[in-house]
2 protein chains.
Amino acid sequence: MTVIDHAARTPVYRQIGDRLRDAIERGEYPPGARLPSEADLVREYGVARGTARAAHRYLVRLGLVEVEPGRGAYVVEAQP
Amino acid sequence: MTVIDHAARTPVYRQIGDRLRDAIERGEYPPGARLPSEADLVREYGVARGTARAAHRYLVRLGLVEVEPGRGAYVVEAQP
DNA sequence: TTTCATTTGTCCGTATGTATT
DNA sequence: AAATACATACGGACAAATGAA
């Protein structure tokens with residue numbers, strides 16, 4: 001199930017991040033929900049862990065997600 | 001939690017350990033005194049037990065503390 | 001003696017942080 | 001971006017040591 005296009009101009013981490021963002025905005029991951037872990041993304045998309053991390057970081061930059069060491073990546077509670 | 005900053009570059013166990021070290025050097029825990037237990041640190045700082053243990057170990061590495069199974073963590077008696 | 005609470009010791013699994021190559 | 005290694009952190013479970021009831 002590879003939606004990921006390594007040849008695209010859009011970085012892989014953002015392709016994955018955008019998919020997660022869409023899922024969040026669709027309500028599949030409501031506020032407070034835990035997103036797939038880095039390892040999950042590695043398994044699901046066949047990417048390196050650094051890329052999975054970058055996808056999480058990307059969502060953090062967007063203010064959609066908070067990452068907590070040893071716990072996971074969570075959808076932020078309050079959102080305008 | 002007041003003092004603990006998971007985002008800091010200093011590991012949490014060392015932030016806690018440094019606070020205990022300061023307290024020891026201020027005389028709040030004189031030689032032979034028992035330090036807060038792992039469970040105490042867990043309660044006080046809201047960290048996992050492994051982190052509390054790491055804080056104790058950190059002070060042992062510094063030569064300030066000795067840990068005794070079933071008894072607790074004690075400030076060493078002799079100090080240069 | 002046994003029982004119990006407290007405390008540290010160890011192991012497991014999972015997850016993120018950082019650095020190097 | 002990938003691959004690897006190690007450090008840090010969380011949570012749970014059970015064992016062992018201690019000391020007091």
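Just so it is clear, the model here is predicted, and its values are computed rather than measured. Here is the naming used below: chain letters follow the sequence lines, and residue numbers restart at 1 for every chain.
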Item checked: Pairs satisfying side-chain hydrogen bond (donor to acceptor under 3.5 Å, both in side chains), at least one member in residues 23-36 of chain A, at least two apart ->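 The answer is A:Arg26-A:Glu28.
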Can you check the [X] [atom1] to [N] [atom2] distance for me, whole Å?
X       : N      : atom1 : atom2 : result
B:Glu66 : D:dT18 : CD    : C1'   : 17 Å
B:Tyr74 : D:dA17 : OH    : C1'   : 12 Å
B:Arg14 : C:dG17 : CZ    : P     : 17 Å
B:Tyr58 : D:dT8  : OH    : P     : 11 Å
A:Gln15 : D:dA1  : CD    : C1'   : 13 Å

Next item on the list: Looking only at non-hydrogen atoms, find the nearest pair between B:Tyr74 and B:Gly32 and report the distance.
Entry: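 Minimum heavy-atom contact is CD2-O, 3.4 Å.
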Check: Partner of C:dT10 by Watson-Crick or G-U wobble geometry, both contacts under 3.5 Å, or none?
Finding: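 D:dA13 is the nucleotide pairing with C:dT10.
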Side chains of [X] and [Y]: closer than 4.5 Å at any heavy-atom pair?
X       : Y       : result
A:Val65 : A:Leu20 : no
B:Arg19 : B:Gln15 : no
B:Arg21 : B:Leu59 : yes

Margin query: Strictly below 4.0 Å: does B:Tyr13 bring a side-chain N or O up to OP1 or OP2 of D:dT8?
Written below: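 It does, given that an N or O in the side chain of B:Tyr13 lies less than 4.0 Å from OP1 or OP2 of D:dT8.
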Checklist line | All side chain to side chain donor-acceptor pair (under 3.5 Å) counterparts of B:Arg57, not counting sequence neighbours | finding: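 If we apply the side chain to side chain donor-acceptor pair (under 3.5 Å) test to B:Arg57, skipping adjacent residues, there are no hits.
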Margin query: Return a single string for nucleotides 7-12 of chain C, one symbol per nucleotide in 5' to 3' order, where B is base contact, S is sugar-phosphate-only contact and - is none, cutoff 4.0 angstrom on heavy atoms.
Written below: BBBB--
